[in-house]
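Keep in mind the model is a prediction, meaning the values are calculated, not measured.
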Amino acid sequence: MIIGDEKFGIRELLESDKLFLVKWLNDPLILQYYEGRDNPHDTEMVNQNFYQQEDNVTCCIIEFEQKAIGYIQFYPLDSQEKKEYGYDDLDDIYGTDQFIGEIDYWDTFNEIND
């Protein structure tokens with residue numbers, strides 16, 4: 001577990017998580033926010049896009065109450081990316097990409113914080 005408690009956690013991606021990614025990335029509601037509606041992912045695409053990442057990308061699963069509900073990846077920005085975003089004078093800046101794949105959980109975190 002990278003971070004978490006009994007309610008919420010982020011852990012590194014496992015081979016067995018492939019089924020979640022294929023399921024989520026074939027849902028048009030998810031695809032409209034991540035990867036595009038016209039870009040559903042089969043197992044081969046999931047392998048290529050999520051399991052053959054560069055060494056500096058950390059791929060993770062988001063869990064809520066020990067159920068996989070989404071995906072997040074993070075990676076250090078290179079000097080050109082830092083400059084592009086206005087962070088060229090700072091060290092150790094990371095980028096992230098994420099989505100909640102289980103639509104029933106889209107509003108869960110708002111409810112927790114109310």
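At least one side-chain heavy atom of Ile10 sits under 4.5 Å from a side-chain heavy atom of Cys60. Side-chain contact check for Cys59 versus Tyr51: every heavy-atom pair is 4.5 Å or farther apart. Between Asp92 and Pro76, the closest side-chain pair of non-hydrogen atoms is not below 4.5 Å.
Summarising the geometry, atom CD1 belonging to Ile2 is positioned 6.0 Å from atom OG1 belonging to Thr58; distances are rounded to the nearest 0.5 Å. Taken from OG1 in Thr43 to CD in Gln48, the straight-line distance is 12.5 Å, to the nearest 0.5 Å.
Judged as a ring-ring contact (aromatic ring centres under 6.0 Å, His included), and not counting sequence neighbours, Tyr94 has no contacts. Checked against side-chain hydrogen bond (donor to acceptor under 3.5 Å, both in side chains), Gln52 has no partners two or more places apart in sequence or in another chain. The side-chain hydrogen bond (donor to acceptor under 3.5 Å, both in side chains) test applied to Ser16 returns no partner, not counting sequence neighbours. Remark: Tyr75 pairs with Asp97 by the side-chain hydrogen bond (donor to acceptor under 3.5 Å, both in side chains) rule, at least two apart or across chains. Shown here are the side chain to side chain contact (heavy atoms under 4.5 Å, CB included) partners of Thr96, two or more places apart in sequence or in another chain: Phe74, Gln98. Every residue two or more places apart in sequence or in another chain that forms a side chain to side chain contact (heavy atoms under 4.5 Å, CB included) with Glu65 is listed here: Lys7.
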List the atom pairs, with distances to 0.1 Å, where a side-chain N or O of residues 17-32 and a protein N or O form a donor-acceptor pair under 3.5 Å, not counting sequence neighbours.
from, atom 1, to, atom 2, distance (Å)
Asp17, OD1, Arg11, NH2, 2.8
Asp17, OD2, Arg11, NH1, 2.8
Asp17, OD2, Leu14, N, 2.7
Lys18, NZ, Glu15, OE2, 2.3
Lys18, NZ, Asn47, OD1, 2.6
Lys23, NZ, Glu102, OE1, 3.2
Lys23, NZ, Glu102, OE2, 2.8
Trp24, NE1, Glu102, OE2, 2.8
Asn26, ND2, Val22, O, 2.6
Asn26, ND2, His41, O, 2.6
Asp27, OD1, Leu29, N, 2.8
Gln32, OE1, Arg37, NH2, 3.1

Show me the side-chain donor-acceptor pairs of residues 80-91 shorter than 3.5 Å, one per line, residues at least two apart or across chains.
from, atom 1, to, atom 2, distance (Å)
Glu81, OE1, Asp78, N, 2.9
Lys82, NZ, Leu90, O, 2.9

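Other members of the cluster containing Met45 do not exist, because no ILVMFWY side chain is joined to it at under 4.5 Å.
Within a 6.0 Å radius of CG in Asp38, no more than 12 heavy atoms belonging to other residues, nucleotides or ligands are found.
Taking the six-membered ring for Trp and thresholds of 30 and 60 degrees, Phe99 and Tyr34 have ring planes inclined between 30 and 60 degrees apart.
Phe64 and Ile69 make their closest contact through CB-CD1, 3.7 Å (heavy atoms, listed as atom of the first residue, atom of the second, distance).
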